Every structure is written in C-alpha cells, then in structure tokens.
Amino acid sequence: MKKRSAIICAAVCALGLTACGSDLGERMERAALNTVIGMGTVFIVLIIIIGVISLFKFIPKLQDMFAKKDAGNVQEKSESAVTQTVSAAEDTDVSDDLELVAVIAAAIAASEGAASTEGFVVRSIRRVKRA
C-alpha cells in the first residue's frame, strides 16, 4: 500500500500538481499564485459584466431606429394596399351585397344572444369614419 501511494505521489509531483517534498516557501508561492490568478479571473469577468450592462442604455435607441424603418415600410405597404382597396371598391357595387348583410345580421344576432336573425332588419350599411 505504501508503494502504491508513493508512486501516485511521485506521479502527481512530476506533473506539478502538488508541491510534494518542497519546503514551505515554495508551497506559499504556489498558493499565492493560485490566489492571484483566481482573483484576477473574477475581476476580469466583473469588468466584462459592467461593460455589458453599460451598453444597455443603447438598446432603446436601436429599437426606435428599427421601429422607424419598419414603420416606413409598413406605411408604404399600407398606402399601396389602400389604393388597391379603394380601386376595388370603386369597381364593385356593394349596395346589393346580400352575403355581407347576412354576415352582419348573424354577428348582431350572436352579440345579442339570439338564435336567429328574426326580430330585426338591416336596412342600410354605411361606413363610420373614426378619427
């Protein structure tokens, strides 16, 4: 058993993992070096975290910038869609659209909780302008 532990201790000492057989001064040097390396690593990581947190103030500015670009694209698309819708609305006459009247009547009946559309008549359909 002593022979096996001596071989393990010799192998570990040869790799430099421990300070077997060295005096107290060498052990204290290694301990101090380990402490400095550990504390240095911690402080470097803390400095990196501080840098990342300080960059958070630029995130709202970037979001506003991208929102303005997206709003411009959406506005251009909506303008083209509105012109297409207006031209399509001018082409078709919706005054006698019975299917639209049936859908609106069914929606009113559902909102009132009625099972059928009896009891009211849809006389006209007009668009309400909202500000």
Side-chain angles (χ1 to χ4, degrees):
M1 190 68 157
K2 287 185 179 185
K3 189 175 185 181
R4 188 179 294 166
S5 64
I7 293 172
I8 292 173
C9 184
V12 169
C13 288
L15 293 174
L17 299 175
T18 63
C20 298
S22 60
D23 62 340
L24 183 63
E26 289 179 15
R27 288 190 209 165
M28 292 304 286
E29 278 183 33
R30 287 185 187 223
L33 183 63
N34 286 340
T35 303
V36 169
I37 290 174
M39 290 177 64
T41 303
V42 168
F43 280 113
I44 289 172
V45 170
L46 287 174
I47 290 170
I48 291 171
I49 290 172
I50 289 170
V52 169
I53 290 173
S54 69
L55 294 175
F56 282 177
K57 64 183 173 185
F58 296 113
I59 292 174
K61 293 177 185 177
L62 291 173
Q63 286 178 339
D64 291 340
M65 185 177 66
F66 287 122
K68 287 179 183 177
K69 286 182 181 178
D70 291 341
N73 293 339
V74 169
Q75 186 176 11
E76 290 173 3
K77 290 179 183 177
S78 65
E79 288 175 358
S80 64
V82 167
T83 56
Q84 290 175 355
T85 305
V86 169
S87 64
E90 291 173 356
D91 294 342
T92 60
D93 184 22
V94 293
S95 61
D96 292 328
D97 196 0
L98 296 176
E99 185 177 328
L100 180 62
V101 172
V103 170
I104 292 173
I108 293 170
S111 69
E112 291 182 354
S116 67
T117 60
E118 295 177 4
F120 63 89
V121 177
V122 177
R123 296 185 195 276
S124 66
I125 301 170
R126 61 186 166 94
R127 195 174 281 218
V128 176
K129 293 184 179 180
R130 296 186 184 183

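Hydrogens, waters and symmetry mates are skipped; everything else that's a heavy atom, side chains included, is used. Computed from a predicted model, the values in this text were never measured in an experiment.
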Just list the side-chain donor-acceptor pairs under 3.5 Å for residues 35-47, sequence neighbours left out, or say none.
{"from": "Thr35", "atom 1": "OG1", "to": "Ala31", "atom 2": "O", "distance (Å)": "2.8"}
{"from": "Thr41", "atom 1": "OG1", "to": "Ile37", "atom 2": "O", "distance (Å)": "2.8"}

Pairwise distance CG(Leu62) to CG(Leu55) - rounded to 0.5 angstrom: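 Spacing of CG (Leu62) from CG (Leu55) equals 10.0 Å.
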Measure the CD-CD distance between Glu29 and Glu26 for me, rounded to the nearest 0.5 Å. 7.0 Å
